Amino acid sequence: SLDGGLTWKDLGPVIKGDDYLFPGTKITGAGEPSAVIKDGYVYVYYVDWSAQTKAFHPDQIYLARTKILGDSLGVIEFYTSGGFSTTEANLQAVITVPSENAGYVSLPSVSFNKDLSQYIMIYETNLGFLSQTSTDLINWKDPKTIFTFPQAQSQRESGDIWHSYPTLLSETTEENDQT
């Protein structure tokens with residue numbers, strides 16, 4: 001959008017994941033994005049659900065970025081084992097599953113925390129919400145559990161409380177919840 005979100009131009013899929021199936025088959029590919037702007041780039045964190053046919057990795061959080069070019073964006077680059085690349089091969093997770101019981105990581109929410117002078121990410125695992133901090137948006141410090149679920153997500157049954165979609169807000173210091 002070039003008009004503050006009143007109208008939008010569909011660019012088609014820009015991040016697909018490294019091992020996805022035809023839509024409707026099962027949940028695979030990229031999703032749950034969270035974006036921040038730093039040093040002229042838009043950094044996009046997303047989960048890649050591997051179909052386990054070409055790439056064999058757990059559901060983890062990956063990173064793509066694109067340069068801001070005035071009224072447009074540059075080529076999408078993906079964080080890989082060799083640095084940033086224009087292909088989604090050899091993706092390198094920036095947030096990995098912290099333990100076998102955690103099962104997965106998903107739903108990243110990234111923002112800059114003025115008090116910490118660092119970026120902070122909160123995300124979901126099978127066991128609860130975790131947070132990590134970073135100064136460069138690539139290297140994240142040790143995970144800290146900030147909320148443990150009453151029971152693992154994988155053990156929920158009909159009628160149980162579902163805790164999900166974590167987001168941090170600066171309720172009293174910012175003029176609105178979009179900052």
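Side chains are part of it too, since the values below use all heavy atoms of this structure and drop only hydrogens, waters and symmetry mates. Remember, it's a predicted structure, so these values are computed and weren't measured experimentally.
Scanning for ring-ring contact (aromatic ring centres under 6.0 Å, His included) contacts around Y79 gives F84, with sequence neighbours left out. Not counting sequence neighbours, the partners of Q60 by the side chain to side chain donor-acceptor pair (under 3.5 Å) test are Y62. Legend: residues meeting side chain to side chain donor-acceptor pair (under 3.5 Å) with T86, ordered by chain and number and at least two apart, are absent. For the side-chain contact (heavy atoms from CB on, under 4.5 Å) test, residues two or more places apart in sequence or in another chain that qualify with A64 are I15, Y46, I76, F78. Listed by chain and residue number, nothing satisfies the side chain to side chain donor-acceptor pair (under 3.5 Å) test with T96 (two or more places apart in sequence, or in another chain). Listed by chain and number, the residues in a salt bridge (charged side-chain N to carboxylate O under 4.0 Å, His left out) with E32 amount to none (sequence neighbours excluded).
By the 4.5 Å side-chain criterion applied to Ile, Leu, Val, Met, Phe, Trp and Tyr, V97 is assigned to no cluster and stands alone. Within the hydrophobic cluster formed by Ile, Leu, Val, Met, Phe, Trp and Tyr side chains joined at under 4.5 Å, directly or through other members, Y165 is accompanied by L107, W162.
Residues Y104 and V94 are members of separate hydrophobic clusters, defined by side-chain heavy-atom contacts under 4.5 angstrom among Ile, Leu, Val, Met, Phe, Trp and Tyr.
With hydrogens and angles ignored, the 3.5 Å screen pairs a side-chain donor or acceptor of N126 with a backbone N or O of S154.
Heavy-atom minimum distance, P108 versus S34: O-CB, 3.1 Å. Nearest heavy-atom pair across V105 and P98 is CG1-CD, 3.9 Å. Between L6 and S1, the shortest heavy-atom distance links the atoms N-OG, 4.0 Å.
The local environment of CG in L69 is crowded, with over 12 non-hydrogen atoms from other residues, nucleotides or ligands closer than 6.0 Å.
You'll find the side chain of I61 stays beyond 4.5 Å of the side chain of W140, heavy atoms only.
For the atom pair CG (D39) and CD1 (I68), the distance works out to 10.0 Å, reported to the nearest 0.5 Å. Here CZ of F112 is found 11.0 Å from CD1 of I120. Values are rounded to the nearest 0.5 Å.
Legend: side chain to side chain donor-acceptor pair (under 3.5 Å) pairs involving residues 6-17, not counting sequence neighbours, sorted by first then second residue: D3-T7.
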Side-chain donor/acceptor pairs under 3.5 Å, residues 127-137, sequence neighbours excluded:
from	atom 1	to	atom 2	distance (Å)
Q132	OE1	Y123	OH	2.6
Q132	NE2	K141	O	2.5
T133	OG1	Q118	OE1	3.3
S134	OG	D136	N	3.2
S134	OG	D136	OD1	3.1
S134	OG	L137	N	2.8
S134	OG	N139	O	2.8
D136	OD1	I138	N	2.9
D136	OD1	N139	N	2.8
D136	OD2	N139	ND2	2.7

Residues 17-26 side chain polar contacts: donor-acceptor under 3.5 Å, at least two apart:
from	atom 1	to	atom 2	distance (Å)
D18	OD1	H57	NE2	3.0
D18	OD2	H57	NE2	3.2
D19	OD1	T53	OG1	2.7
D19	OD1	K54	N	3.4
D19	OD2	S50	OG	3.2
D19	OD2	Q52	N	3.0
D19	OD2	T53	N	2.7
D19	OD2	T53	OG1	3.4
D19	OD2	K54	N	2.9
D19	OD2	A55	N	3.1
T25	OG1	F22	O	2.6

Pair up each side-chain donor or acceptor in residues 142-153 with any protein partner under 3.5 Å, not counting sequence neighbours, and list the distances.
from	atom 1	to	atom 2	distance (Å)
Q151	NE2	Q155	O	3.3
Q151	NE2	D160	OD2	2.6
Q153	OE1	R156	NE	3.1
Q153	NE2	E124	OE2	3.3
Q153	NE2	H163	O	2.8

